[in-house]
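Contents: one structure, followed by commentary.
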2 protein chains.
Amino acid sequence: MARPREFDEDAVLDAAVACFWRHGFDATSIRDLVGQTGLTAASLYNAFGDKRSLFRLALERYIAGGIGPRLARYEAAPPLDGVRGYLDDVVARSLDDPASKGCMVVNAALEFAAQDAEFRPLIIGTFARIEAFFLDCVRRGQGDGSITRAMAAEDLALHCLAVLMGVRVLARIRPERAVLNGAVAALLAALAARPEERLDGAADRSERGMT
Amino acid sequence: MARPREFDEDAVLDAAVACFWRHGFDATSIRDLVGQTGLTAASLYNAFGDKRSLFRLALERYIAGGIGPRLARYEAAPPLDGVRGYLDDVVARSLDDPASKGCMVVNAALEFAAQDAEFRPLIIGTFARIEAFFLDCVRRGQGDGSITRAMAAEDLALHCLAVLMGVRVLARIRPERAVLNGAVAALLAALAARPEERLDGAADRSERGMT
DNA sequence: TGCGTTTTAGTATGATCGTTCTAGAATGAC
DNA sequence: GTCATTCTAGAACGATCATACTAAAACGCA
């Protein structure tokens, strides 16, 4: 009974993601969005609300389309392969991107940081998901003997998260394969169980007073 | 032969650092700076040039006052203590800061990233200095047996740099002692020489085909 | 075909941005 | 004390910002 929408919401949101991802929230103007999405300011406001709402939708779309699938892709992998796969994936995409946009969530985290109550939960929650993924990998790896038990699983997971964020930062200013791979390679070597840990899983476990 | 300046340039620059550090470049307005520095827009422009020039001066002051002294403080320490000291210092200051401003250089790196030709060299150069510090620690540590030789010194240094940046990002959104210390603790444990590496430095070196 | 609705397109609005201009006040050199 | 110079104060400028408004055009359904 009314005129149907002429544009594809998903395509518009993708364009919004591209704008916000590249330039951030503040540096992206409504005019930029109008230009990139191809529709008018009135349509944007009518369909998505104000700029903050559109940013939230774009960020959620980025997370749902970028981070979610990546987590799913490696959650069933062998523990060390899961960590390696996730990080290699990030490195590969970082090097593939000529604009060096990094991670939109990390960028948003630093742009809004602690001061913005609306976006904080989404940002923190996303990082918590990634940390939980790493923690799961580490725990499984410590269980099957592929990841060192010399450090607490929680600390190792945080360590992975820190390296991931460091890679995201480095990728924006020094997007060189040697740099990103070097940081990741050292992390993976640090995670791997020491040779003496791998000789006998059961002996090792009892030796450390577990079970 | 003319009226002397009534304000202290260093104090004004400190106020500018505080503004830019907390809010970044874009989100800091000249009016903010006028309010925080106490002098007028005309005086600001007369003394420091435009907003970009003032930001550059503020960033250089931040680096000279924050990062430079920290590097100097630990460059003569035993290798592992140098890395630990630097990172513990960063963690302590991050937890001390109620505004969770993180590192002004990291913030600037993500705000300007690759697109800004003027600030890139300063940012990249600063990170290079920190990386060189880590590399020096690692090389010395590998030499005296305190740091593992299981990984290339360059990769270990990049690893340290990535963790440092990760801590800077984490500190802005989750400034909790357990989080930051956990990430750092795992890094230090990863850097430390394995027990079997420490039994005999000379034997270890020949065993790996060095010298 | 024509009505009701919702889309478009483009302009208007008030706020704020970085920057500059116009004064006048204050200083050092003579 | 006077002059040249440089400071301060604050208004003013044009540009751009996010957003709202005014019409006209386009559709689904009767």
Side-chain angles (χ1 to χ4, degrees), chain A residues 1-60 104 107-108 111-112 115-119, chain B residues 1-60 104 107-108 111-112 115-119:
Chain A
M1 64 168 101
R3 176 177 175 182
R5 201 157 275 173
E6 287 185 3
F7 56 87
D8 176 16
E9 287 196 23
D10 285 344
V12 170
L13 273 183
D14 281 337
V17 167
C19 282
F20 283 129
W21 191 0
R22 180 188 286 253
H23 301 112
F25 178 79
D26 255 342
T28 299
S29 71
I30 296 291
R31 283 168 180 79
D32 293 337
L33 292 164
V34 165
Q36 287 296 312
T37 60
L39 39 78
T40 65
S43 303
L44 273 178
Y45 275 88
N46 188 32
F48 303 103
D50 65 5
K51 190 184 175 187
R52 288 183 69 89
S53 306
L54 180 55
F55 183 82
R56 166 172 274 273
L57 289 169
L59 187 57
E60 285 170 349
M104 187 174 167
N107 300 349
E111 182 167 3
F112 298 110
Q115 59 209 6
D116 192 294
E118 182 187 350
F119 294 129
Chain B
M1 65 163 101
R3 177 176 173 184
R5 201 156 276 173
E6 287 187 1
F7 57 86
D8 176 17
E9 288 196 22
D10 285 344
V12 169
L13 273 182
D14 281 337
V17 166
C19 282
F20 284 129
W21 191 0
R22 180 188 286 253
H23 301 112
F25 178 79
D26 255 342
T28 299
S29 71
I30 296 290
R31 283 163 182 81
D32 291 336
L33 293 164
V34 165
Q36 287 296 314
T37 59
L39 38 80
T40 65
S43 302
L44 272 179
Y45 275 85
N46 187 34
F48 303 104
D50 65 5
K51 191 184 174 187
R52 288 184 68 89
S53 307
L54 180 54
F55 183 82
R56 165 171 276 274
L57 290 170
L59 186 56
E60 286 169 349
M104 187 174 169
N107 299 350
E111 182 167 2
F112 299 110
Q115 58 209 6
D116 193 295
E118 182 187 349
F119 294 129

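Reminder, nothing fancy here: chain letters follow the sequence lines and each chain counts from 1.
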* Asked: With respect to the phosphate group of D/dT8, does any side-chain polar atom (N or O) of B/S43 fall under 4.0 Å of OP1 or OP2?
  -> yes
* Sequence-distant partners of B/F48, ring pair (Phe, Tyr, Trp, His ring centres under 6.0 Å), two or more places apart -> none
* Could you check how far CD of B/E9 sits from C1' of D/dC7, rounded to whole Å? => 13 Å
Return a table of donor-acceptor pairs under 3.5 angstrom between the side chains of residues 16-28 of chain B and protein atoms on other chains or two or more places apart.
{"from": "B/W21", "atom 1": "NE1", "to": "B/G102", "atom 2": "O", "distance (Å)": "2.9"}
{"from": "B/T28", "atom 1": "OG1", "to": "B/C19", "atom 2": "O", "distance (Å)": "3.3"}
{"from": "B/T28", "atom 1": "OG1", "to": "B/G24", "atom 2": "O", "distance (Å)": "2.7"}

* Nucleotide C/dG18, atom P - distance to CZ of B/F55 in whole Å -> 13 Å
* Can you name the ring pair (Phe, Tyr, Trp, His ring centres under 6.0 Å) partners of B/Y45, sequence neighbours left out? -> none
* Structure fact -> For A/R52, the salt bridge (Lys or Arg N to Asp or Glu O under 4.0 Å) test, sequence neighbours excluded, returns A/D116, A/E118
* In whole angstrom, give the distance that lies between atom CG of A/L39 and atom P of D/dA25. => 20 Å
* To do: Would you mind reading off the distance between A/N46 atom CG and C/dT8 atom P, rounded to a whole angstrom?
  => 8 Å
* Structure fact -> Here the pair of heavy atoms bringing A/L44 nearest to A/L54 is CD2-CD2, 4.1 Å
* Those residues that, when tested against B/E60, pass salt bridge (Lys or Arg N to Asp or Glu O under 4.0 Å) (two or more places apart) -> B/R56
* For nucleotides 15-20 of chain D, just jot down a letter per nucleotide in 5' to 3' order: B, S or -, based on protein non-hydrogen atoms under 4.0 Å. => --BBB-
